[in-house]
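Residue numbers begin at 1 in each chain, while the letters A, B, ... track the order of the sequences. These numbers come from the heavy atoms of this one structure, side chains and all, not from hydrogens, waters or symmetry mates. Here the structure is a predicted model, which means the values were calculated and not measured.
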There are 2 protein chains.
Amino acid sequence: MSAAKNPKNGKEAIRRENVATILQAAEAVFATKGFSGATTAEIAARAGLPKPNLHYYFRTKAALYRAVLDDILALWLDATASIMVEAEPADALRRYIDAKMTYSRKRPFASKVFANELLHGAPAVKGFLGGAMKRLVDDKAKVIEAWIAAGKLAPVDPHHLFFVLWAATQTYADFDCQIAAVLGKKKLGSGDFDRAGETVSALVLRGLGLKP
Amino acid sequence: MSAAKNPKNGKEAIRRENVATILQAAEAVFATKGFSGATTAEIAARAGLPKPNLHYYFRTKAALYRAVLDDILALWLDATASIMVEAEPADALRRYIDAKMTYSRKRPFASKVFANELLHGAPAVKGFLGGAMKRLVDDKAKVIEAWIAAGKLAPVDPHHLFFVLWAATQTYADFDCQIAAVLGKKKLGSGDFDRAGETVSALVLRGLGLKP
DNA sequence: CAACGTCTTGACCATTTGGTCAGGATAGCA
DNA sequence: TGCTATCCTGACCAAATGGTCAAGACGTTG
């Protein structure tokens, strides 16, 4: 096995590692500073690399931003896995809320970068929103409608249900500092996220006529 | 009555008008570009003034941002008016949701500026969050708890209830482009906001054991 | 081991941008 | 009418920042 084919050694490994390091640093900086506020110098410093080296891997700041965003979009499409006709509604929704809440706790930077992108009109992901994401949501909305038609769920607009679920879960990542401040804490702990998940689940499930 | 005391004429009126125009332009630009992405040149252009004139009224970009933010914080503290012990829970909550949703529809820029500020760690409003806002929310949380104690409401963590309500209503201002894209529309119309308000109200009220 | 392609980096550049300044215009007032 | 305070603005500047470049280091391969 040549080094070129073994990802653990050689230049291929160097590239892989550096790209990963840069993406991670970039996600953090874009999350806390926004696209315009982030500087390539800061990202490079956080990645522990000289700036020109960063530009060697990603020619422009915009290209780096796109790469970070692409990573995040991939995450997005997964979480809905539990929503399928065969599943028990209460179970599926509980799982979905839990998945989204976990994502907010574990990948807050990703959520923030995405939120920031949306806030500014989604210049870089408009295509995704109206394309892959719309198709996915339309699809899952049909599942909800099927549940309603089967009398398993109180009538509700499925799309708006999703908007509420996204908002209620992502708010704990995006606006964590507000929530922490109002709760009188310095930072949110896993206990807060548990409580949040329970509250959202209880509200939504009972709101849909299901047993929490 | 001297001109100086009559706000409709004279230099005082000029100042008032220019300040208002600048604040409005700034709110729009800060909302769509963020603090770092906004340029004083663009704000000035939008306000129809030369840049140095803008700096005449607001010495620095940061000062202008603070002024915009202060306007927004004032709005924030009002919406909760309907939450009081004497009120009927279902009625009060419906009103609150409606007020927040209206605010999302009518003042989307304000919501976005605030969201942007929170996303970036609230450097400029941390004091407000842990101060006036925390006190207000703690106060309103006691009202919710009183309702629960009186058996008018299913048990729920009052703070997290508020977080969910904020998220569910503000998402229609902050992330409008995502919602529009998923709904297959160019822009959200008042019909969408109506439907959103109904959905949130129905979910939350039933979720709290109330009649929607 | 030599030659080649990939990676690394200090120094540098052009542009953007927040902010300044000096002097002119204008409103209010004696 | 003339004096003062406020308002307006074209021209300008220093700092920050995205991006470049040329030269050197390093791993890989024939």
Distance check needed: [N] [atom2] versus [X] [atom1], whole Å only.
X: B/Glu42; N: C/dT16; atom1: CD; atom2: C1'; result: 14 Å
X: A/Leu54; N: D/dG18; atom1: CG; atom2: P; result: 10 Å
X: A/Ile43; N: D/dT17; atom1: CD1; atom2: P; result: 12 Å
X: A/Glu17; N: C/dC7; atom1: CD; atom2: C1'; result: 14 Å
X: A/Ile14; N: C/dC7; atom1: CD1; atom2: C1'; result: 7 Å
X: B/Leu49; N: C/dG19; atom1: CG; atom2: P; result: 17 Å
X: B/Leu64; N: C/dG19; atom1: CG; atom2: C1'; result: 13 Å
X: A/Phe58; N: D/dG18; atom1: CZ; atom2: C1'; result: 16 Å

Q | Residue closer to the 5' end of DNA chain D, A/Pro52 versus A/Gly37 (nearest nucleotide) | A |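 On the 5' side of the pair lies A/Gly37.
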
Q: Could I get the full list of ring pair (Phe, Tyr, Trp, His ring centres under 6.0 Å) partners for A/Phe114, not counting sequence neighbours?
A: A/Trp76

Q.
Nearest to the A/Arg59 side chain among D/dC8, D/dT20, D/dG18, which nucleotide is it?
A. D/dT20

Q.
Of the options C/dT20, D/dT20, C/dC7, whose atoms approach the side-chain atoms of A/His55 most closely?
A.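 For A/His55, the side-chain atoms sit closest to D/dT20.
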
Q: Could you check whether A/Ala38 gets within reach of a base, just the sugar-phosphate, or nothing at all, counting any heavy atom under 4.0 Å?
A: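 Sugar-phosphate: the residue A/Ala38, judged by heavy atoms under 4.0 Å, touches backbone atoms but no base.
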
Q) Crowded around B/Lys33 NZ? As in, over 12 foreign heavy atoms under 6.0 Å? A) no

Is the distance from OP1 or OP2 of [N] to the nearest side-chain N or O of [X] less than 4.0 Å?
X: A/Tyr57; N: C/dT8; answer: yes
X: A/Tyr56; N: C/dT8; answer: no
X: B/Thr39; N: C/dT17; answer: no
X: A/Arg15; N: C/dT6; answer: no

Q. Taking N and O atoms by type only, does the side chain of A/Lys51 place a donor or acceptor under 3.5 Å from a partner on the base of D/dG18?
A.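 Under the 3.5 Å cut-off, the side chain and the base do form a donor-acceptor pair.
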
Q.
Under a 4.0 Å threshold between the charged nitrogen and the carboxylate oxygen, would A/Arg94 count as salt-bridged to A/Asp98?
A. no

Q: Indicate yes or no for a side-chain donor-acceptor contact from A/Ser111 to the backbone of A/Ala173 under 3.5 Å, with no hydrogens or angles considered.
A: no

Q.
Under a 3.5 Å distance rule, please check whether A/Lys112 uses its side chain to pair with a backbone N or O of B/His120 as donor and acceptor.
A.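 Pair absent, no side-chain N/O of A/Lys112 close to backbone of B/His120.
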
Q: Starting from the 5' end of DNA chain C, give me the residue, A/Pro50 or B/Phe35, whose nearest nucleotide shows up first.
A: A/Pro50

Q) If you pin B/Thr60 and A/Asn53 to their nearest nucleotides in DNA chain C, which one's is more 5'? A)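 Final value for this comparison: A/Asn53.
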
